[in-house]
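Contents: one structure, followed by commentary.
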Amino acid sequence: MAEFDLVVRGGQVVTAADRMMCDIGIRAGRITALAEGLGQGAREIDARGRLVLPGGIDSHVHLDQYQGEDVTMADGFETGSRSAAAGGNTTLIPFALQQRGQSLRQTVEAYHAKATGQSYVDYGFHLIITDPTPHVLGQELPALIADGYTSVKIFMTYDDLVLRDREILEVLSVTRSHGALVMIHAEGYDQIKFLTDKLEQAGHTAPYFHAASRPQVVEREATHRALAHAELTEAAVMIVHVSGAEAMEQIDWARRRGIRVFAETCPQYLVLTADHLKGLNMDETGGKYVCSPPPRDEAAQAALWRGIAAGVFDVISSDHSPFRYNDTQGKLHPKGRTSFRWVPNGIPGVAARLPILFSEGVGKGRISLERFVALTASNHAKLYGMYPKKGTIAVGSDADLTLWDPERRVTLTQDLMFHGCDYTPYEGLEVTGWPVTTILRGKVVFDAGQPLGRKGGGTFLSRGASVSA
Ligand code: URP
Ligand code: ZN
Ligand code: ZN
């Protein structure tokens, strides 16, 4: 009988700390040996010439999230997780969104019903809290944290999601006591409304003006306020989707004061600019790029790369938030055509995240391979309570692996994304480096451009405390 179920042989194994040439022996879904010249596996994969990386972990994706009656998200768990696997990912953490008036426990049960039996990769849930009643904060949230839902997202904008400052403080004080991490969408509600009204009054309704309605000061002000709230409550917070220098400076300032802050940025802020929102001659194709915060300019991109190199950022996620473009339930729904105010916010990107970051980061000498692994897998596992089960290549860890061809040159196109969207905002972008095989707990789920795994092979992950929460 073979010693292993699977041996991945002869690749260069890379973790956040090291790189080494060795074989990986896998039994019952876990790594049981790392050495040169391992014995036979029932199945063998030749990884010579490949990098073998921990499977990507994307801790910021939106799947099957309720958007109101007239807008529908383009990906549920099946297509979203298939797209994730195509892009070299083995773990996702989407959101369970509480609608106002809804119990948090019911919210979580509803998202389990959406996900069970559908996912190609493993997944957990962050809790989006929109209605922090005394019952939610006093009973439900502590119980859910104890059950392994150890992270929360709150919003400082959007009519249906925004929390007042007092509510933010109450949430932070509960997560501080119970050891959960709070992701904060830091853009100020009133500044956005003020600017949106002024732009519309001036007739500036095209998608491009979405960017003008949310300049960096909007993000900077809210980031500062969020960090002041974190200081007051001593809670750990993650400022998500940081888009430029101004929010980054606030994070740097907060760290110097000893505030417990982590930071995330996303590929769209590294390779897109607000000019993409102009579409052709300011037309509605700009809606394909409407996301919040909006992409900025080349100076902001350069600042983010400096921040990545300097260690300001802990994680890089996709913020995959997919809406079809040519669809009345998507970017072109009737109200969306009257003003940027109504265009659904968000872009797809779960399949493109790793190739873009590898190519622009490792390929262009901006980050090391080890840092790439930290930013795209290991730090997500640590901060969201999954390490070392997930996020590394070590004896005892889940055998979640991505075999990577560092030389392959690829032009990103819609047909490589395997998502439910009808476009990719990265169409035509040239990358070098590509995930050729994705392995989840010892089973190949995506190989040579095709999904192979069983839909439903991905399972729910109950998570522990953040290592630093
Ligand atoms: O525009 C975006 N980012 N939409 C997704 C929701 C969020 O704020 O992350
Ligand atoms: Zn957000
Ligand atoms: Zn998001």
Side-chain angles (χ1 to χ4, degrees), residues 57-68 71-75 80 84 92-99 111 123-130 151-163 168 171 181-189 192 196 207 209-211 213-214 218-219 222-223 225-226 237-244 247 262-270 272 274 276-277 286-296 315-325 330-331 336 340-350 352-353 380 384 419 421 423 425:
I57 301 178
D58 197 336
S59 58
H60 190 156
V61 297
H62 303 265
L63 300 178
D64 209 350
Q65 200 174 287
Y66 181 70
Q67 301 294 312
V71 175
T72 307
M73 213 160 236
D75 280 315
L92 298 180
I93 316 183
F95 298 86
L97 164 67
Q98 177 199 29
Q99 288 169 247
Y111 277 84
Y123 58 93
F125 291 118
H126 307 291
L127 309 171
I128 294 180
I129 298 181
T130 61
S151 46
V152 162
K153 186 176 180 194
I154 57 174
F155 287 79
M156 299 173 80
T157 189
Y158 295 126
D159 290 330
D160 297 339
L161 309 175
V162 61
L163 298 190
I168 294 173
V171 170
L181 181 61
V182 180
M183 307 161 80
I184 304 187
H185 181 123
E187 290 185 296
Y189 179 91
I192 293 169
T196 300
F209 294 102
H210 171 77
S213 75
R214 309 166 99 106
V218 166
E219 189 183 0
T223 301
R225 193 154 36 98
V237 297
M238 164 78 73
I239 305 297
V240 291
H241 43 49
V242 172
S243 71
F262 302 97
E264 174 201 80
T265 189
C266 313
Q268 49 271 41
Y269 306 116
L270 300 170
L272 302 178
H276 284 91
L277 277 88
K288 290 181 179 177
Y289 300 90
V290 166
C291 62
S292 295
R296 307 290 182 189
V315 290
I316 300 184
S317 311
S318 67
D319 193 6
H320 181 80
S321 182
F323 299 96
R324 287 171 56 79
Y325 169 65
K331 298 283 188 183
F340 65 85
R341 182 199 291 262
W342 305 112
V343 176
N345 281 205
I347 60 176
V350 71
R353 176 187 70 132
H380 299 252
Y384 295 110
H419 55 197
C421 245
Y423 77 100

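Whatever order the structure lists them in is the order used to number ligands and atoms, beginning at 1. Nothing fancy with the numbering, it's 1 onward along the sequence.
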Check your understanding: Of all residues at least two apart in sequence or in a different chain, which pass the side chain to side chain contact (heavy atoms under 4.5 Å, CB included) check with R296?
Key -> Q216, E219, S243, P293, P294, A300
Point to revise | Check: K331 side chain, V290 main-chain N or O, donor-acceptor pair, under 3.5 Å | key: yes
Practice item. Verify, without hydrogens or angle tests, whether Q98 (side chain) and T130 (backbone) share a donor-acceptor contact under 3.5 angstrom. Key: yes
**Study point:** Under 3.5 Å side-chain donor-acceptor pair for D58 and H320
**Key:** no
Practice item. Classify the ring geometry between F125 and Y111 as parallel (under 30°), tilted (30 to 60°) or perpendicular (over 60°). Key: perpendicular
Practice item. Please check if any side-chain donor atom of H62 sits under 3.5 Å from a side-chain acceptor atom of D75, or the reverse. Key: no
Revision key, fill the gap. d(I93 CD1, I57 CD1) to nearest 0.5 Å is 7.5 Å
Revision key, fill the gap. Between F262 and the options L181, V315, V237, the side-chain contact (heavy atoms from CB on, under 4.5 Å) test singles out L181
Revision key, fill the gap. Across all chains, not counting sequence neighbours, the ring-ring contact (aromatic ring centres under 6.0 Å, His included) partners of H210 are none
Check your understanding: Can you count the protein N, O or S atoms that lie less than 2.8 Å from the Zn ion (ligand 3)?
Key -> 3
Expected rows: ligand 1 N/O, protein N/O, dist below 3.5 Å:
residue: ligand 1; atom: 1 (O); partner: S292; partner atom: N; Å: 2.7
residue: ligand 1; atom: 1 (O); partner: G346; partner atom: N; Å: 3.3
residue: ligand 1; atom: 3 (N); partner: S292; partner atom: O; Å: 2.9
residue: ligand 1; atom: 3 (N); partner: D319; partner atom: OD2; Å: 2.7
residue: ligand 1; atom: 4 (N); partner: N345; partner atom: O; Å: 3.2
residue: ligand 1; atom: 8 (O); partner: K153; partner atom: NZ; Å: 3.4
residue: ligand 1; atom: 8 (O); partner: H185; partner atom: ND1; Å: 2.8
residue: ligand 1; atom: 9 (O); partner: H60; partner atom: NE2; Å: 3.3
residue: ligand 1; atom: 9 (O); partner: H62; partner atom: NE2; Å: 3.2
residue: ligand 1; atom: 9 (O); partner: K153; partner atom: NZ; Å: 2.9
residue: ligand 1; atom: 9 (O); partner: D319; partner atom: OD1; Å: 3.2
residue: ligand 1; atom: 9 (O); partner: D319; partner atom: OD2; Å: 3.4

